[in-house]
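Shown next, in C-alpha cells, is the structure this report addresses.
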Amino acid sequence: MKIHEYQAKELFRRFDIPVPAGAVASDPETARQIARDMGVLPLVVKAQIHAGGRGKGGGVKVLRDLNEVRTAAAGMIGMNLITHQTGPDGKQVKKVLVEQALEIARELYLSIVPDRKSARHVVMVSRAGGMDIEQVAEKTPEQITKIYIDPLLGIQAFHCRQAAYGLDLPPAISQQFVPMLRSLYKLFVSYDCSLVEINPLVITTDGKILALDAKINFDDNALFRHKDILEYRDLNEEELLEIEASRYNLNYIKMDGNVGNMVNGAGLAMATMDIIKRAGAEPANFLDVGGGANAEMVENGLRIILSDKNVKAILINIFGGILRCDVLSNGVVQAAKNTGIEVPVVVRMEGTNIEEGRKILTESGLGLIFAADLKDAAEKIAKIVRKK
Ligand code: GDP
Ligand code: MN
C-alpha cells in the first residue's frame, strides 16, 4: 500500500525525523489560512498524489505571497496531474500540502528497501538527490552507495558512518544525519515497509538536514498488524477494478496490454502471462480466480476483465482440479448471458470433468475458440489481437 507525502511526513514526525513545518488542505481557502497561520514566507504548495515527478509536472510551486498560495492551491486542487510516474491518464489532485520553503544548499538521496537476493535490508544513499533515481542508477551507478544490513543485527554505527561518507557530509551535518537514519530504519522495520524514500534529503543554507520529500510503501500482507496505517488508505488512488476484484476475493492486477486472461492458480497465471508475451502479445491483467472458485466468481472475474476498455480478446486457461471444468464452463455461459462478451475468447481447459465442460461451452452457442494446449492458446490469441 502507498500513502501520501503528508501522511509519510506525519509518520516521520512521530519518529523524530526532521521535516519542514506544514499542513495539508483540501480547498484553497484552507491552504491560505495554513499559510497565514504559519507566518513565514516563502512557502511551497505541493500536490498530493501517489506518484512522484510532481516537480516537473507543475505539482510543486514555491511562492512568496499569501494570495499566491491560494491561487496555486486553487490551480492544483481538482487538476489532473500527469507525471512520468502516473501513466498517461494522470491522477486527480484532491489535497495540497502547504509547507515552509527551505533554502537548499544540497539535494541528496536516501532510501531503505528489502533486498531479496541478499535477504538483507539495503540503505541506499546518493549525492545526486532530487533527480530521478532510476536514471542515476542506470547512467551513473557509481553515484549510489548501497549498505547492506542484516535484519537480525539491525543498523550499527559503522553502517551510519558508511552512509554519511557516501553522502560526503561534513561533521556538523553528520551528527544530525546519524540519528535521523537510525530513526528511519526503525520506522522501516517496525511498520513492515517495502520502501522508505527521501528524495530529496536536503541540507539547508543554515546547516540543517531535513526530509523535503517523503515516500513510504507498506507490505500489504503485514497491514493487519498496523491498523493506524490502514486509516491512511486512499481508495481514490487505487485502481477501481482492483478494488472491485478484492471485494470478490479475486487476485486481479491491471496491466497495460490488450489480452485479458483468467486463470486458476497464481503460478499458472504467471506462466500464462509469460506465454502470452512469448507469442508476441501483451497481457491486460493478472487474474487468479483461485482453486475454490465457483460459477459466480468466474462471472465476476470475466466482468472485471471486460470492464477494461483495452481488452481486445480473452484467454481462459483453467486446469480443472478443485475448480471443475463444468463449473467453470457454467460460469462462462452465465457471464456471457449477464454481461455479454463481445470480444473473442480462447479457452484452454484440462482436468476434472473436461468432457462435460466442453459440452456446455460448445452447446452454449457463444462461438468460443478452443485450444489444444497452452502454446496453441497463446498463438491463437496473439493472432487475434495482431489483426485488431
Ligand atoms: P517530486 O517531484 O514529486 O519528487 O516532489 P519533491 O517533493 O521531491 O519536489 C521536487 C523539487 O521541488 C525538489 O527536488 C526541489 O528542487 C523543489 N522544492 C521542493 N520544496 C522546495 C523548497 O522548500 N525550497 C526549494 N528551494 N525548492 C523546493
Ligand atoms: Mn521527490
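From a predicted model like this one, the values you see are computed outputs, not experimental measurements. All ligand and atom numbering here is 1-based and tracks the order in the structure.
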For ligand 1, find out whether one of its N or O atoms is nearer than 3.5 Å to an N or O atom of [X].
{"X": "Leu212", "answer": "no"}
{"X": "Glu5", "answer": "no"}
{"X": "Gly53", "answer": "yes"}
{"X": "Ile104", "answer": "no"}

Out of Arg54, Gln100, Lys215, whose heavy atom sits nearest atom 1 (P) of ligand 1?
->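 When every heavy atom of Arg54, Gln100, Lys215 is considered, Arg54 comes closest to atom 1 (P) of ligand 1.
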How close does the nearest protein non-hydrogen atom get to [atom], and which residue and atom is it?
{"atom": "atom 15 (C) of ligand 1", "result": "Glu107 OE2, 3.4 Å"}
{"atom": "atom 9 (O) of ligand 1", "result": "Val60 CG2, 4.0 Å"}
{"atom": "atom 2 (O) of ligand 1", "result": "Gly55 N, 2.9 Å"}
{"atom": "atom 4 (O) of ligand 1", "result": "Asp213 OD2, 3.1 Å"}
{"atom": "atom 7 (O) of ligand 1", "result": "Lys46 NZ, 2.6 Å"}
{"atom": "atom 23 (O) of ligand 1", "result": "Leu102 N, 2.8 Å"}

Look at atom 11 (C) of ligand 1 and say whether a protein heavy atom is found at less than 4.0 angstrom from it.
->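 No, because not a single protein heavy atom sits under 4.0 Å from atom 11 (C) of ligand 1.
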Please check if a non-hydrogen protein atom sits closer than 4.0 Å to atom 17 (C) of ligand 1.
->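 No; the ligand atom in question lacks any protein heavy-atom contact below 4.0 Å.
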With a cut-off of 6.0 Å (strictly less than), are more than 12 heavy atoms of other residues, nucleotides or ligands near [atom1] of [X]?
{"X": "Lys380", "atom1": "NZ", "value": "yes"}
{"X": "Glu103", "atom1": "CD", "value": "no"}
{"X": "Glu296", "atom1": "CD", "value": "no"}
{"X": "Gln175", "atom1": "CD", "value": "no"}
{"X": "Ile322", "atom1": "CD1", "value": "no"}
{"X": "Asp256", "atom1": "CG", "value": "no"}
{"X": "Leu41", "atom1": "CG", "value": "yes"}

Close-contact set for ligand 1 against Gly52 heavy atoms, below 4.0 Å =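 Taking each heavy atom of Gly52 in turn, ligand 1 has 3 (O) under 4.0 Å.
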Could you tell me which atoms of ligand 1, counted from 1 in the order shown, lie closer than 4.0 angstrom to a heavy atom of Ala101?
->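 So the atoms of ligand 1 that pass are 23 (O).
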Compute the ring centroids of His121 and Tyr185, then answer whether they are less than 6.0 Å apart.
->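 When the ring centroids of His121 and Tyr185 are compared, they turn out to be within the sub-6.0 Å range.
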Atom of Gly90, atom of Ile82 and distance for their closest heavy-atom approach =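 Gly90 and Ile82 have their closest heavy atoms at CA-CG1, 3.7 Å.
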Using a cut-off of 2.8 Å, how many protein N, O or S atoms lie below it in distance from the Mn ion (ligand 2)?
->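 Considering protein N, O and S only, the Mn ion (ligand 2) has 2 within range.
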Quick one: which residue pairs count as a salt bridge (charged side-chain N to carboxylate O under 4.0 Å, His left out) with a foot in residues 300-309, not counting sequence neighbours?
->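 Pairs touching residues 300-309 that pass the test: Glu244-Arg303, Lys254-Asp308.
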Ion pair check, [X] and [Y], cut-off under 4.0 Å:
{"X": "Lys359", "Y": "Glu355", "answer": "no"}
{"X": "Arg14", "Y": "Asp228", "answer": "yes"}
{"X": "Glu237", "Y": "Lys2", "answer": "no"}
{"X": "Glu238", "Y": "Arg233", "answer": "yes"}

Should the proximity of [X] to ligand 1, defined as any heavy atom under 4.0 Å, be assigned to the side chain, the backbone, both, or neither?
{"X": "Asn199", "result": "backbone"}
{"X": "Glu99", "result": "neither"}
{"X": "Glu103", "result": "neither"}

May I ask you to test the Ile314-Val346 pair for a side-chain heavy-atom distance under 4.5 Å?
->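 When only atoms from C-beta onward are counted, Val346 and Ile314 do not touch, as no gap falls below 4.5 Å.
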